[in-house]
Amino acid sequence: MLWVVVMLVSSELNEGRHMNYITYNKAATICHFFSVIIMLSLYIDKPSVLIPYTETYLEWNKLGTNMTCNIGSRKFETSDGQFCIESVNAPVYCNDKGECYGADLGWLVILFHILSFSFQGVAWLSDSCGPFFGYQYKYIIGENHNPLRFIEYAFSASVMLIAIALLNGVTDINLIASIGVLNASCQLCGLAVEYVENINIKWLLHLTGWIQFCCAYGIIAHAFFKSINASDMGPPEFVYVIVIVIFILFSSFGFVQLLELCINVNPYTKEKTYVILSLTAKLFLGWMIFSNVLLLGNND
């Protein structure tokens, strides 16, 4: 994916054709719209793939006669007797019917495409119907800014990363919230890079964004490899490929800005590259995760 981005940028710099990004944005908007429609038709009658949120907290258990603490807990003596203090992981909330509070994976992926369609559609309409709160797509790109892009990523990419985390067994609601906030902060750092003039501050913001992204994905990677170590055989080889491909697809957007900091990239070429990634990486990523959701639904 990085090679494709580099080749695209280098070829566009030579060709000098700038306004094609508007056509690609329209195509991406339409593709995300049809993805929403198709996914809804496929998922609406399927069993929901609901993954309950969990939370970890300390539990104090009083020691009785001839009792010992469980492995991983610690003994604590008080005036009221001896206690075992241990961490417990349990669902956040379940009702009397055994239904637990959680996230529906199918709707998360559909929401990802709804957000992509909506934000890119607003960019399209801003050219057709006039500026929205001072934003008009074809003019703001010429200024080498696009705040709408990073605001969309702050929402849509966070939704998708949370879906990936849940698929990999990260269910603790505090970790899920951390993943979402870290990714949103990463995107806002990317937004700030486009407005800051000082190159040193640009690099500081960009590298901070990578740290936030890697921390968020590191939580997912840890859960994935922990599941491998906990089993005798581990998952099939294609699962490893999927995890690596997902990481490359996600990080490809960051490499565009990294390249921009290293060389002089035409603003129209940069926008076209982002939009082409929306047409390819985001659609492929969304359908890859959604296909897993459908498989999980069929196995329920």
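- Inter-residue side-chain proximity for Leu63 and Phe83 is flagged as unmet; no heavy-atom pair is nearer than 4.5 Å.
- Checked by atom type and distance alone, the side chain of Lys75 never pairs as donor or acceptor with a backbone atom of Gln82 at under 3.5 Å.
- In summary, the aromatic rings of Phe213 and Phe247 are positioned with their centroids under 6.0 Å apart.
- Between His32 and Phe112, the ring planes lie perpendicular to each other; the angle is over 60°, past the 30° to 60° tilted range.
- Among pairs with a residue in residues 35-78, those fulfilling disulfide (SG to SG under 2.5 Å) read Cys69-Cys84, at least two apart in sequence or across chains.
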Candidate pair Glu271 and Lys138, rule salt bridge (charged side-chain N to carboxylate O under 4.0 Å, His left out), full reasoning: CA-CA 10 Å; Glu271 182 62 19; Lys138 61 185 176 183; over 6 Å; no
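- Sorted by first then second residue, the ring pair (Phe, Tyr, Trp, His ring centres under 6.0 Å) pairs that include residues 169-205, not counting sequence neighbours, are His145-Tyr195.
- Sorted pairs that involve residues 45-69 and meet salt bridge (charged side-chain N to carboxylate O under 4.0 Å, His left out), not counting sequence neighbours, are lacking altogether.
- Here Trp210 and Phe255 bring their ring centres to under 6.0 angstrom of each other.
- Looking only at distances, no side-chain donor or acceptor of Glu152 sits under 3.5 Å from a matching main-chain atom of Leu115.
- A distance of 10.5 Å separates CG of Asp104 from CG of Leu166, quoted to the nearest 0.5 Å.
- A side-chain hydrogen bond (donor to acceptor under 3.5 Å, both in side chains) check over residues 126-136, counting only residues at least two apart or in different chains, returns the pairs Tyr135-Asn146.
- For the atom pair CD (Glu260) and CG (Asn144), the distance works out to 5.5 Å, reported to the nearest 0.5 Å.
- For the salt bridge (charged side-chain N to carboxylate O under 4.0 Å, His left out) condition, no pair includes a residue of residues 206-220, sequence neighbours left out.
- The line from CD1 of Ile176 to CG of Leu161 is 9.0 Å long, rounded to the nearest 0.5 Å.
- A search for disulfide bond (SG atoms under 2.5 Å apart) contacts involving Cys214 returns nothing, not counting sequence neighbours.
- A centroid separation of 6.0 Å or more is found between the aromatic rings of Phe150 and Phe253.
- Remark: the backbone N or O of Pro91 is not paired with any side-chain donor or acceptor of Thr54 at under 3.5 angstrom.
- Annotation: disulfide (SG to SG under 2.5 Å) contacts involving residues 109-189, sequence neighbours excluded, are absent.
- Going from atom OG of Ser48 over to atom OH of Tyr43 covers 4.5 Å, rounded to the nearest 0.5 Å.
- Residues satisfying the salt bridge (Lys or Arg N to Asp or Glu O under 4.0 Å) criterion with Glu194, sequence neighbours excluded, are Arg149, Lys270.
- Every residue meeting the side-chain contact (heavy atoms from CB on, under 4.5 Å) condition with Ala154, not counting sequence neighbours, appears here in chain and number order: Ala184, Gln187.
- Its side chain within the 4.5 Å cluster rule, Val88 clusters with Tyr57 among the Ile, Leu, Val, Met, Phe, Trp and Tyr residues.
- Listed by chain and residue number, Ser87, Asn89, Asp172 satisfy the side-chain contact (heavy atoms from CB on, under 4.5 Å) test with Thr56 (two or more places apart in sequence, or in another chain).
- For the atom pair CG (Leu125) and OG1 (Thr29), the distance works out to 8.5 Å, reported to the nearest 0.5 Å.
- Every residue meeting the side-chain contact (heavy atoms from CB on, under 4.5 Å) condition with Leu182, not counting sequence neighbours, appears here in chain and number order: Gln212, Cys215, Ala216.
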